[in-house]
Amino acid sequence: MDDTIQRMLGTATSSHNKTTDYEQPTFIPSKIWQGVKSGYYFGTTDASLGTGYYLDSNTNPSKKRVNDGNGSANGNIKRAKLENDSNLAPEELLARAEKEAARKQQSRDYGGSKKPIALTPSGIKAAAGHLAKLIEQNQILRSDHADDPVQFMESELALNEEIGAFKVIGAADASLYGSLSKLQVDDSILSLLAHDNADIAISTLDMLVEIVDLDDLSSSLNNGDASRAALNFVFDLFVKKGGLELIVANLGRICFSQSSSNDNEATDEERLDAGDHVLSLVETLLDLDQMGVLNSSKNASIDDTNESNDDSVAVRLVDNTNLVSWLFDRMNRKSTDIAGGVSAFALKLHAAEILSTLLHVGDSRLHLSNIECLPTFEKIGNIAAALDKKKRAIDGKSSHKTKQKFIDGIEILLQAIAPYRKKDPKGEDECEWLENCFDCLSAAMFSSKNIETFLNAQGIELMLRCIREKVHSGSGSLKVLFYVLSGNDIINKKACEVFVEVGGFKNIFSCFMGKSSAIPKPAKCTDAGKISTGKSAKSAKRIVQAKKEWLQTIESNILQIVYALTVHIDEDSPFDAKMRLLAKFVEDDFSKCDRIIELFVKYDKKMRTAELKYYRSEEAEEAEIAGLDVGLAACDAKLRGGGDVFHRIAASLAYIILNSKDCFDHISVQLKMQGLGISVIGSTLEEFVEVLDDSKQRAQLQALAEQIL
């Protein structure tokens, strides 16, 4: 920080800063406090100059002497000052002296921590008391001098410095977090997050990222009472007392949602960093909640209304804040990198990661069943207004005089993917951004309303275009189609019919045949897209494994899509969909029947290998000693090892042989060549039925199994 000020000293070009080689500048412009500078005080003493560092003539007598050639250096300056003072009336001299004395006293009263906080109970207690005192003094000054910011500027600078000193608590032992709760430091933090000065809130967020660190909290989980103290502090601060809502509300003033040509804050490095701090805190809280470590805190914490805090962090974020709207809005913005700090693109990337997490959490996903009509996240001036506006929206008391604006989340995700329908991402960050967008879109397809919006926005056409161009986005598109077409709702049947209508068979069955020329290629910035040079065995092994996983994922998604088509396409489907589907397995001398038999045998072997591997593992031995159901665990290992896909291949085979006599005859011969019979398909279906819940799909599979057996 001193280096920054020294650079400012060396490059100051203002007419007020012109100096000789022997003088210090009298004024250094600076909109924000940048630390203590010896010989200067920070403020807005001269309105014509503005805010910055002013030279303190009373405490800085060590200026270089300017020799006038007669042996006197500062004599002329001192005489000039005395002559000017002699021209003032006594009352004016008294007023000047009182003002200077008040300034010095205020500087002493509101000085920040000169020494680091001692990481002991007594040190924490002293720091907490000092912080509370500074907050109280600042509130009094703001109340008494609401129209004169100069009067409370010194106190806020000291408060900002004290907040920075609290970062060191992040390195403290987890047991000290109990002291933070007892000393009501959480209440102080909440008041700072709601402070009218956004810079105070930004500093507080920076401090919170240091003291609420996932790695530190996770490492202390086995530390008994200490871990409970740390988790209780986190739970009380963010869940019980509303800190979660406060940090999200701050996004409305530190990282504006609505872009403006005159809005410098939108590309300001410090505000982008603060926005990233909010997302980091949200991510940490989501991880802690998903790990289940906040459950004990939830059970032990009862609020003032005697109601337990049962909602998960994800549900609270979705229901009590407009975070999801802000995430979509941030993802929709065209942003470019800035020098240093967190770039605008990196913030978009982080926003996509958080959104993907929220959409994948089961209980919060139910609350995001219609992301087509999300309220906008508007720029706000203060926290109270943001929280009141959200509360009124939840209570249904929003004003109907102004037309409500909405964000279409499905459209934003499709627009984010569209640029990659013909090209690959250029770097790892861009590739991660694209994958996150596909993850968000896939997770959103668990809702019938979101699928309907996706179909109306021609989402299937875009996905097929990506597959047809054989670019990196083709793999993500296959995953989205799998989620869109699968399921037991009428909307999934409609999606399958749309898929047939827009010519999806041609693209899918080219990939189904495993033709290298038809399969989407990974981007060169990924391990799967790199070419092994053979210089490093470890690198070569990683590249080979990545390529294998890439092809495996594509193959699995294609087989899931084919299965979904056999579930939903029937005699009532338009566009002769059923006949066209069966014709695909007859054409080219039953080549697709041969391919599906090949895959059936392949996944049968994978499934049985995974099951055998589990039975021979130490995990199985430990489970047996513990009295657990080893058979159930082995079944799970079998399903994860390829059994899930194997069952769906069998169901697809059953659909084909029961609806086409030609396919039945050909497949019977192929199975016989493998030493198998048609009955193996029926027995596999029975096994599939056993792992399914009661549903229309299960009844359909039972009927197929009975016909075969």
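All values below come from the heavy atoms of this structure, side chains included, with hydrogens, waters and symmetry mates left out.
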Could you tell me whether the side chain of S447 and the main chain of S369 form a donor-acceptor pair under 3.5 Å? yes
Kindly indicate, with the supporting measurements, whether the criterion salt bridge (charged side-chain N to carboxylate O under 4.0 Å, His left out) is fulfilled by K592 and E587. CA-CA 8 Å; K592 295 178 181 62; E587 65 183 17; 3.1 Å; yes
Is K423 close enough and on-axis enough to Y420, meaning under 6.0 Å and within 45°, for cation-pi? yes
Grab the two heavy atoms, one from S556 and one from V645, that are nearest each other, plus how far apart they are. OG-CG2, 3.6 Å
Please tell me whether K606 and Q552 have a donor and an acceptor in their side chains that are separated by less than 3.5 angstrom. yes
In plain terms, say whether D489 and K494 are close enough for a salt bridge, that is, a side-chain N and a carboxylate O under 4.0 Å apart. no
Donor-acceptor contact present, side-chain T684 to main-chain V680, <3.5 Å: yes
Looking at K348 and E353, does any basic side-chain N land under 4.0 Å from a carboxylate oxygen? no
Answer yes or no: is there a donor N or O on one side and an acceptor on the other, between the side chain of D408 and the main chain of E411, under 3.5 Å? yes
Between E283 and H350, is any side-chain donor less than 3.5 angstrom from a side-chain acceptor? yes
Expected output: side-chain T566 to main-chain Y563 donor-acceptor under 3.5 Å: yes
Can D570 and K493 be counted as an ion pair, charged N to O under 4.0 angstrom? yes
Out of K547, E549, K541, which residue meets the side-chain hydrogen bond (donor to acceptor under 3.5 Å, both in side chains) rule with Q545? E549
Side chains of D287 and T284: do they bring a donor and an acceptor to under 3.5 Å? no
Between L485 and N492, which heavy-atom pair has the shortest distance, and what is it? O-CB, 3.6 Å
Main-chain N/O of S356 paired with D439 side-chain donor or acceptor, under 3.5 Å: no
Considering non-hydrogen atoms only, spot the tightest contact between H568 and N488 and give its length. CE1-CA, 4.5 Å
May I ask you to say whether E555 pairs ionically with K602, meaning some side-chain N is under 4.0 Å from a carboxylate O? yes
Are E461 and R465 ion-paired here, with the side-chain N under 4.0 Å from a carboxylate O? no
Shortest non-hydrogen separation from C663 to C593 and the atoms involved: SG-SG, 3.8 Å
Within a reach of under 6.0 Å around NZ of K578, are more than 12 heavy atoms found that belong to other residues, nucleotides or ligands? yes
Tell me whether the count of non-hydrogen atoms from other residues, nucleotides or ligands lying under 6.0 Å of CD in E619 goes above 12. no
Is any NZ, NE, NH1 or NH2 atom of the basic residue among D644 and R640 found under 4.0 Å from an Asp or Glu carboxylate oxygen of the other? no
If you draw a 6.0 Å radius around CG in D629, do more than 12 non-hydrogen atoms from other residues or ligands fall strictly inside? yes
Under 3.5 Å, is there a donor-acceptor pair between the side chain of N370 and the main chain of K449? no
Side chains of E435 and H472: any donor to acceptor distance under 3.5 Å? yes
Which is it for F585 and F509 under the ring-ring contact (aromatic ring centres under 6.0 Å, His included) test, yes or no, and what are the steps along the way? CA-CA 10 Å; F585 288 92; F509 280 105; 5.5 Å; yes
Polar side-chain atom of R580 near backbone of F575 as donor-acceptor pair, under 3.5 Å: yes
Heavy-atom nearest pair, I460 first then L481, reads CG1-CD2, 4.1 Å
For V471 and R421 the tightest heavy-atom approach is CG2-O, 3.7 Å
Do the side chain of S477 and the main chain of S473 share a donor and acceptor less than 3.5 angstrom apart? yes
With ring centroids as reference points, do Y483 and F454 lie under 6.0 angstrom apart? no
Side chains of Q674 and Q670: any donor to acceptor distance under 3.5 Å? no
Dump the intermediate steps for salt bridge (charged side-chain N to carboxylate O under 4.0 Å, His left out) on D424 and K521, then the final yes or no. CA-CA 9 Å; D424 287 333; K521 304 299 186 295; over 6 Å; no
Before accepting this row, confirm whether a basic side-chain N of the pair E611/R608 lies closer than 4.0 Å to the acidic partner's carboxylate O. no
With a 6.0 Å cut-off (strictly less than), is the heavy-atom count around CD of E501, excluding the residue itself, greater than 12? yes
